[in-house]
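Values below: every heavy atom of this structure, side chains too, minus hydrogens, waters and symmetry copies.
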Amino acid sequence: MHRWSQLFIPTLREAPTDAEVASHKLLLRAGYIRQLGAGLYSYLFLGNRAINKIVAIVREEMDTIAQEMHLPALNPREAWEESGRWAGMGENMFRLKDRRGAELCLAMTHEEIVTSIARSELRSYKQLPQIWYQIQTKFRDEPRPKSGLLRVRQFLMKDAYSFDIDEAGLDASYAKHEAVYRRIFTRCGLDFLAVDADSGSMGGSASQEFMVYTDAGEDLIASSSSGYAANVEKATSQLAPVADLAPTGDGQPELVHTPEQKTIDEVAAFLGVERVHQMKTMAYIVEHLDADEKQIKAVGKARAVVAFLRGDHQINETKLSAIAGGVLRPMQPEEISVTFNAPAGYLGPIGLVAAPHPKKPGTLVVLDAALEGRTNLIAGANKEGYHLRNVTPMRDFRPTLVADVRSVNEGESDPIGGKPLRIGKAVEIGHIFKLGYRYSKSMGASVLNKDGKETTPIMGSYGIGIERILTAAIEQSAAKFAAQSIAQNAGDPKAVQSATESYALPPSIAPFQVVVTITNVREAALLAAGEEIAAALEQAGIDVLLDDRDERAGVKFKDAELIGVPFRIAIGKKLAEGKVELLNRLTNRTDDIPTAEVVHRLQAALSSSATHN
RNA sequence: CGGGGCGUAGCGCAGCCUGGUAGCGCAUCUGCUUUGGGAGCAGAGGGUCGUCAGUUCGAAUCUGACCGCCCCGACCA
């Protein structure tokens with residue numbers, strides 16, 4: 001029996017000023033965690049209990065499709081040299097030396113390690129597929145740890161890796177993970193979305209992120225009621241048709257004097273046109289950091305990239321970077337004038353020499369797909385103080401390629417059902433993706449296939465951030481409480497403020513399922529009833545915390561709320577009538593129930609809250 | 001790494017401008033009262049004022065360097 005009077009649950013009346021986001025404040029105030037340094041936290045009794053509950057769910061579900069292992073967190077340099085990531089990880093990896101001067105790192109992830117095991121142990125296609133996972137501490141030297149447990153330097157990750165003989169096998173392994181992830185997050189009580197993600201730097205083919213909408217998040221995602229969901233790095237949308245401008249003069253590109261009019265808005269006002277009738281020019285340098293010799297020979301280590309977009313659209317650098325095949329940085333004005341012999345602010349498509357093919361030398365010119373088929377646009381003239389009218393893509397200039405390189409906007413129609421997109425911040429709690437051959441190939445893993453031929457296995461990689469599940473659950477609940485409170489206390493900012501800092505965890509991951517609050521331990525009858533009820537609940541397999549502290553009732557109620565436990569049984573005045581009070585914090589419903597029915601009623605409440613999740 | 005803010009008791013803060021040897025609330029401990037929504041009264045304990053150096057008769061206070069933490073940005077398998 002867990003008795004509050006003997007536990008270390010250091011709740012705080014006020015949150016330290018360092019804490020900004022709701023989950024951070026609440027985790028500190030509830031005594032779940034304490035900070036050791038930037039991005040480093042100690043998980044105290046309650047925090048550790050919640051984490052353990054999450055881990056147990058993850059483990060139980062993962063065990064249905066995979067085998068658990070435990071790999072070293074401390075890795076020798078050599079293991080990371082082979083894949084090229086010793087250099088590739090850059091500053092983000094913690095590095096150290098042993099007493100002999102040998103270099104080591106603290107692993108950020110374990111592709112290299114599983115691949116090296118696979119390479120030395122897997123011989124035949126008959127041994128495939130394999131799915132291996134672990135729940136391990138990961139280390140990342142984040143440039144900016146922040147938001148409590150949301151972005152830290154040491155955290156728990158469930159990472160899994162699949163090895164298959166062919167793509168069909170990988171598809172199956174990937175699908176298994178998707179299904180298991182949905183079960184895990186559902187059991188953890190989260191409202192989540194699986195979104196299409198950019199698989200960019202890991203070089204895979206398909207990738208989905210599991211996201212929870214919350215303002216504390218760092219990613220932006222777009223979703224709609226038709227079931228479409230994507231990271232904005234990858235999201236697309238359908239656009240309403242635009243009526244083009246009528247041609248002027250002979251309909252050919254025509255110079256117009258636009259002195260000092262550089263921005264889209266300035267030109268729009270000056271010429272009396274809409275932004276949709278303009279073409280925006282974005283110039284970048286792409287650096288091929290891990291280019292091979294062949295590529296360097298073909299297009300150089302760095303090359304100019306120009307993208308043309310509709311005047312009211314925003315460039316999506318992730319999309320452009322994927323096409324350009326490297327890291328982008330905006331061109332400096334001097335670089336623009338040297339490279340294109342045109343002033344920044346008046347850069348335009350006509351006269352620009354585009355590479356004929358992305359793999360051929362020259363400037364990579366990308367026309368955003370939204371401009372395809374448009375006519376009579378306004379564009380920069382590559383001449384100080386001038387723009388061009390009547391610019392019609394494909395007639396007046398040819399880009400290297402046409403591609404979607406813009407960012408979607410809130411309210412645009414989603415590409416599958418045409419429903420309006422909702423764009424919001426979200427926290428990434430899991431990520432699955434098809435890695436492909438990157439590691440198996442570079443590290444030389446192979447097995448014999450049916451025909452006795454050496455075959456490189458194809459890999460998948462699948463992560464879950466354990467702490468982020470806890471954080472997201474708190475953020476999600478706190479947001480709900482805040483919204484309710486704002487609705488109920490519209491005129492009272494103080495009440496809103498205090499309720500804003502409340503939450504209740506799903507029973508599956510809460511450190512305890514129920515708190516039994518003895519309102520006054522000095523009354524022998526209350527104390528005895530509390531002990532008895534708590535024991536009965538425990539007997540029934542329910543995780544119960546008995547608040548037997550010699551504190552005032554108010555203090556105990558506040559603390560019970562602070563620690564986020566979803567149910568509370570208060571033993572008080574009504575005991576004289578043989579009743580206690582059951583509070584369901586998830587529904588905010590209070591019932592007076594006969595003591596004899598407590599176990600039964602709570603079990604019913606627990607199972608109904610589980611099915612609602 | 002760029003920009004901003006902060007560092008004084010466990011937590012929240014004042015004092016710094018104008019140098020004179022540290023204070024308030026909460027928490028903690030003791031006693032009495034109180035006991036269903038963060039109690040009241042009385043008393044007590046607790047601080048190298050982030051670190052180092054400098055200026056000064058004297059530094060929490062002025063100056064410099066460094067360290068740490070938070071926020072915005074860059075970055076982010």
Side-chain angles (χ1 to χ4, degrees), chain A residues 10-21 24-25 28-29 31 34-41 80 83-85 88-93 105 107-112 138-148 150-153 155 157 159 161 197-204 207 209 216-219 231 233 317-318 327-330 428 430-433 435 438-439 459 461-465 495 498-499 501-502 517-523 526-527 547 549-562 568-576 580-581 583 590 592:
Chain A
T11 57
L12 299 173
R13 192 180 289 221
E14 292 173 279
T17 34
D18 280 355
E20 191 81 2
V21 300
H24 189 196
K25 288 184 196 171
L28 286 167
R29 290 191 54 207
R34 285 295 182 264
Q35 183 170 24
L36 180 64
L40 301 170
Y41 289 87
W80 288 73
S83 65
R85 291 209 294 180
M89 285 298 187
E91 300 267 81
N92 261 352
M93 191 153 71
C105 66
M108 303 171 63
T109 172
H110 280 84
E111 280 83 2
E112 282 81 357
K138 294 284 193 275
F139 299 90
R140 293 184 188 179
D141 193 358
E142 289 289 341
R144 184 148 98 82
K146 61 173 188 176
S147 306
L150 226 42
R151 182 158 219 89
V152 289
R153 295 195 290 175
F155 59 99
M157 181 189 257
D159 49 323
Y161 308 89
D198 172 56
S199 44
S201 43
M202 292 297 284
S207 163
E209 291 166 339
E218 300 179 291
D219 283 282
N231 195 302
E233 290 176 346
E317 293 188 4
T318 307
V327 178
L328 293 177
R329 66 168 174 82
E428 179 185 351
H431 196 167
I432 58 178
F433 62 100
L435 259 186
R438 173 166 173 176
Y439 296 93
M459 293 173 61
S461 164
Y462 317 89
I464 289 179
S498 72
E501 314 225 317
S502 196
T517 303
I518 300 169
T519 56
N520 186 350
V521 293
R522 298 185 184 198
E523 286 188 34
L526 298 186
L527 183 60
D547 192 351
R549 292 175 299 166
D550 185 9
E551 289 284 354
R552 301 170 67 83
V555 172
K556 298 211 235 188
F557 288 150
K558 287 286 184 198
D559 274 347
E561 280 154 27
L562 239 194
R568 184 189 75 197
I569 292 166
I571 317 283
K573 294 172 190 159
K574 292 164 196 148
L575 187 67
V580 295
E581 183 183 283
L583 167 64
T590 307
D592 291 331

Side chain to side chain contact (heavy atoms under 4.5 Å, CB included) partners for [X], two or more places apart:
{"X": "A:Glu581", "result": "A:Arg568, A:Ala570, A:Lys574, A:Thr590, A:Asp592"}
{"X": "A:Arg144", "result": "A:Lys146"}
{"X": "A:Asp219", "result": "A:Met211, A:Asn231, A:Glu428"}

Identify all pairs in which a protein N or O lies below 3.5 Å from an N or O of nucleotides 72-76 of chain B, and state each distance.
residue: B:rC72; atom: OP2; partner: A:Arg144; partner atom: NH1; Å: 3.1
residue: B:rC72; atom: OP2; partner: A:Arg144; partner atom: NH2; Å: 2.5
residue: B:rC76; atom: O2'; partner: A:Arg151; partner atom: NH2; Å: 3.3
residue: B:rC76; atom: O2; partner: A:Arg151; partner atom: NH1; Å: 3.4
residue: B:rC76; atom: O2; partner: A:Arg151; partner atom: NH2; Å: 2.3

For B:rG31, the Watson-Crick or wobble counterpart (both distances under 3.5 Å):
B:rC41

Can you tell me the Watson-Crick or wobble partner of B:rG7, both distances under 3.5 angstrom?
B:rC67

For A:Arg29, give me all partners under salt bridge (Lys or Arg N to Asp or Glu O under 4.0 Å), at least two apart in sequence or on another chain.
A:Glu501

Mind checking what makes salt bridge (Lys or Arg N to Asp or Glu O under 4.0 Å) contact with A:Lys138, not counting sequence neighbours?
A:Asp159

How would you summarise protein contacts on nucleotides 37-51 of chain B per nucleotide, using B for base, S for sugar-phosphate only and - for none, with heavy-atom distances below 4.0 Å?
BBB------------

Test ring pair (Phe, Tyr, Trp, His ring centres under 6.0 Å) applied to A:His110 - qualifying residues, sequence neighbours left out
none

Check ring pair (Phe, Tyr, Trp, His ring centres under 6.0 Å) between A:Tyr161 and all other residues, then give those that pass, not counting sequence neighbours.
none

Of the nucleotides B:rC70, B:rG36, B:rA77, which has the atom closest to the A:Met89 side chain?
B:rA77

A:Gln35 side chain near B:rG68 phosphate (N/O to OP1/OP2, under 4.0 Å)
no

